[in-house]
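Only this structure's heavy atoms are used, side chains among them; waters, hydrogens and symmetry mates stay out. Just follow the structure's listing: the first ligand is 1, and inside any ligand the first atom is 1.
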Amino acid sequence: MKHLVSIADLSRDDAIKILDTAERLDALTEQGAKKLPTLRGRTVVNLFYEDSTRTRLSFELAAKRLSADVITFSAKGSSVSKGESLKDTALTLQAMGADAVVVRHNASGAAHQLAHTGWIDAGIINAGDGTHEHPTQALLDAYTLRDALTKDRGEALGAGLDGITVGIVGDVLHSRVARSNIRLLHKLGAHVVVIGPPTLMPVGIDKWPCEVRYDIDGALPSLDAIMMLRVQQERMNGSFFPSSEEYSRMFGLNRSRAARLPQHAIVLHPGPMNRGMEITAEVADSHRSVITQQVANGVTVRMAVLYLLVGGDSVD
Ligand code: CP
């Protein structure tokens, strides 16, 4: 595998190999190996045309922990603001010898274009393109789910997420996180229940590998995990629900809804959160929440992706 643009680029075995590699890297970190020499002499470019906190910082940290040289490029403050095209930016990175380019772009398909036009030889990793996909977010979510829910079944290495039920709730229409998660969770054997108002469901979702529901309350007792999606008001150019209060009342995760989840169920959110809208602060900060673990796991999983794409085969 040279690029990671979409979950479709991964077989089930590829995805499990990434999770297993992350688990081994985690173990090495716990043994005190804060920095590995694997990518010494390699250059990783973070090419961010859209704002990011978690993804940009975690890719930067992941590349540094693997001893790569890291360049972080924000479109704001670059020659993009003078009208430079994606192609000319790619040719510039090619001339500088980039080995991997981590790209976030507001246009769905930008990562695919970089990977498949021949402008640049580097491995391309999609860090979120428009409303299309965010594959490393789905991988870190799968890692978090496996760590929290399946380790007690025995050895997690080599395992998928067979038999668990995950609810994904909210603004599915605008969510690249939901698209990548539905595909990956299905590939790993989980049952996915997508929940939200009909206005925030994509056309054709009935053909996706998931169950679709329009009420949250009936689904809660069957969920092993619930993933709340951010309501992406910046991508909305119309009215998708009557008001924020109405949305929270119908689909928000609050204390009384969380109490109807099974005792072992966990709460995820990819961030950034609209506290008080799709999730209350009380639930986001509760013992069920694994939101900060998701962020920590993001570093390890992105190390694994860089390791496998740029550095080599497996950590033994
Ligand atoms: N989850 C996620 O992509 O967060 P950022 O936008 O902060 O990178």
Side-chain angles (χ1 to χ4, degrees), residues 4-7 18-19 22 44-65 70-76 100-111 124-145 147-148 166-185 200 225-236 253 266-275 277-279 283-285 289-306:
L4 178 55
V5 171
S6 158
I7 292 300
I18 292 170
L19 305 186
V44 175
V45 179
N46 286 328
L47 181 61
F48 276 67
Y49 286 81
E50 230 188 33
D51 295 343
S52 168
T53 298
R54 281 149 286 272
T55 311
R56 188 169 61 83
L57 293 180
S58 61
F59 264 115
E60 195 166 321
L61 194 52
K64 285 181 174 163
R65 286 198 178 156
V70 186
I71 302 169
T72 294
F73 170 108
S74 295
K76 281 179 203 145
V101 176
V102 177
V103 60
R104 169 167 289 192
H105 205 288
N106 51 6
S108 300
I124 304 298
I125 301 170
N126 184 1
D129 62 327
T131 57
H132 174 228
E133 282 224 31
H134 193 352
T136 59
Q137 178 69 44
L139 285 161
L140 76 88
D141 291 337
Y143 185 85
T144 305
L145 289 163
D147 189 53
V166 181
I168 299 181
V169 184
D171 182 2
V172 182
L173 180 64
H174 301 102
S175 179
R176 54 197 179 204
V177 171
R179 280 169 182 74
S180 289
N181 259 297
I182 292 167
R183 291 182 176 125
L184 182 64
L185 291 170
L200 290 175
I226 186 165
M227 184 182 297
M228 303 307 296
L229 298 173
R230 184 169 68 88
V231 177
Q232 299 194 38
Q233 279 168 326
E234 77 280 10
R235 294 193 203 274
M236 294 182 185
L253 187 60
I266 57 171
V267 174
L268 298 94
H269 192 302
M273 284 183 273
N274 295 310
R275 284 176 182 252
M277 192 166 181
E278 67 265 4
I279 188 167
V283 176
D285 299 331
S289 168
V290 293
I291 296 169
T292 53
Q293 284 98 306
Q294 286 173 269
V295 176
N297 292 338
V299 178
T300 323
V301 167
R302 287 168 176 136
M303 281 174 78
V305 168
L306 288 169

Residues in salt bridge (charged side-chain N to carboxylate O under 4.0 Å, His left out) contact with E50, at least two apart in sequence or another chain: R176, R235

Of all residues at least two apart in sequence or in a different chain, which pass the side-chain contact (heavy atoms from CB on, under 4.5 Å) check with R54? P272, V295

What residues form a side-chain contact (heavy atoms from CB on, under 4.5 Å) with N274, not counting sequence neighbours? R230, V231, M277, E278

Is the closest side-chain donor-acceptor distance between [X] and [Y] under 3.5 Å?
X: D129; Y: S108; answer: no
X: Q294; Y: T144; answer: no
X: R56; Y: T72; answer: no

With hydrogens left out, which residues have an atom under 4.0 Å from ligand 1, given that only heavy atoms count? S52, T53, R54, T55, R104, H134, Q137, P270, G271

